[in-house]
Colleague: 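Here's a structure for you.
Residue numbers start at 1 and run along the sequence shown.
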Amino acid sequence: MQVSFFKRLFAYMQGKKVVELYSSATLRSYFTVAFRNEQNQWICQIPRYDKQWEYITIILEDNGNLTFLEEPMIEGGLDRWK
């Protein structure tokens, strides 16, 4: 996923930030926009296709780890963010 300059600027103006999710399984990086939830945690949503398009919510922990709210994505290969 590419994040354009304008999307980065727009996210910054809204108090969001662009984060890089890393997969050690595929050795690839994926960029997405993160925002704060009600508990003041940084979270992001990524698309996943499983019979229909749906979005998976991920909590970005302060130590760089990821917490998945949906069980199927734990085996998705994503394991770090920065």
Side-chain angles (χ1 to χ4, degrees):
M1 290 181 264
Q2 285 293 82
V3 178
S4 69
F5 170 76
F6 292 111
K7 191 165 188 172
R8 288 175 187 266
L9 181 62
F10 192 64
Y12 175 76
M13 290 176 11
Q14 290 183 326
K16 301 175 183 176
K17 67 179 176 178
V18 175
V19 297
E20 178 183 4
L21 302 178
Y22 180 73
S23 170
S24 61
T26 62
L27 302 177
R28 296 186 70 181
S29 295
Y30 305 92
F31 291 90
T32 188
V33 175
F35 55 94
R36 292 213 181 255
N37 64 4
E38 299 83 29
Q39 291 83 26
N40 206 28
Q41 299 168 313
W42 285 105
I43 62 169
C44 65
Q45 294 180 322
I46 59 169
R48 178 173 85 95
Y49 182 76
D50 185 24
K51 298 184 182 176
Q52 64 181 3
W53 283 103
E54 60 183 346
Y55 285 87
I56 303 300
T57 303
I58 302 170
I59 297 174
L60 309 173
E61 298 178 13
D62 292 334
N63 61 4
N65 292 332
L66 303 174
T67 300
F68 298 92
L69 298 180
E70 286 87 7
E71 189 70 27
M73 279 305 292
I74 292 175
E75 298 299 322
L78 295 174
D79 53 6
R80 302 284 299 160
W81 77 277
K82 63 178 179 174

Colleague: Got Leu66 and Ile59 here, is their nearest side-chain heavy-atom distance under 4.5 Å?
Modeller: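 No. Closest side-chain heavy atoms not under 4.5 Å.
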Colleague: Return the minimal non-hydrogen interatomic distance between Ser29 and Tyr22, and the atom names on each side.
Modeller: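 Nearest heavy atoms, Ser29 then Tyr22: OG-CD1, 3.7 Å.
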Colleague: Report the residues that fulfil side chain to side chain donor-acceptor pair (under 3.5 Å) with Glu38, sequence neighbours left out, ordered by chain and then residue number.
Modeller: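 None.
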Colleague: Mind checking the CG-OG1 spacing from Leu21 to Thr32? Nearest 0.5 Å is all I need.
Modeller: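 Between atom CG of Leu21 and atom OG1 of Thr32 there are 6.5 Å.
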Colleague: Taking side chain to side chain donor-acceptor pair (under 3.5 Å) as the test, write out the residues that go with Asn37, two or more places apart.
Modeller: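 Checked Asn37 against side chain to side chain donor-acceptor pair (under 3.5 Å); matches are Gln39, Gln41.
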Colleague: Please answer: with hydrophobic residues joined when any side-chain heavy atoms are less than 4.5 Å apart, are Phe35 and Tyr12 in the same cluster?
Modeller: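 Shared cluster, no.
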Colleague: If you take all heavy atoms of Val33 and Cys44, which pair is closest and at what distance?
Modeller: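 Looking at all heavy atoms of both residues, the closest pair is O-CB, 3.7 Å.
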Colleague: Who pairs with Glu61 by salt bridge (Lys or Arg N to Asp or Glu O under 4.0 Å), at least two apart in sequence or on another chain?
Modeller: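 Salt bridge (Lys or Arg N to Asp or Glu O under 4.0 Å) list for Glu61, sorted by chain: empty.
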Colleague: How long is the gap from CG on Asn40 to CD1 on Ile43, to the nearest 0.5 Å?
Modeller: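 One finds 11.0 Å between CG of Asn40 and CD1 of Ile43.
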Colleague: I need the Thr67 OG1 to Ile58 CD1 distance, nearest 0.5 Å.
Modeller: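 Spacing of OG1 (Thr67) from CD1 (Ile58) equals 9.5 Å.
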Colleague: Can you list every salt bridge (charged side-chain N to carboxylate O under 4.0 Å, His left out) pair that touches residues 8-30, not counting sequence neighbours?
Modeller: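 Qualifying pairs, neighbours excluded: Glu20-Lys82.
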Colleague: Nearest 0.5 Å, what's the OG1-CZ distance between Thr57 and Phe68?
Modeller: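 Those atoms lie 11.5 Å apart.
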Colleague: Testing the basics here: between Tyr30 and Ser23, what is the closest heavy-atom pair and its distance to 0.1 Å?
Modeller: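 Scanning both residues, the minimum pair turns out to be CE1-CB, 4.1 Å.
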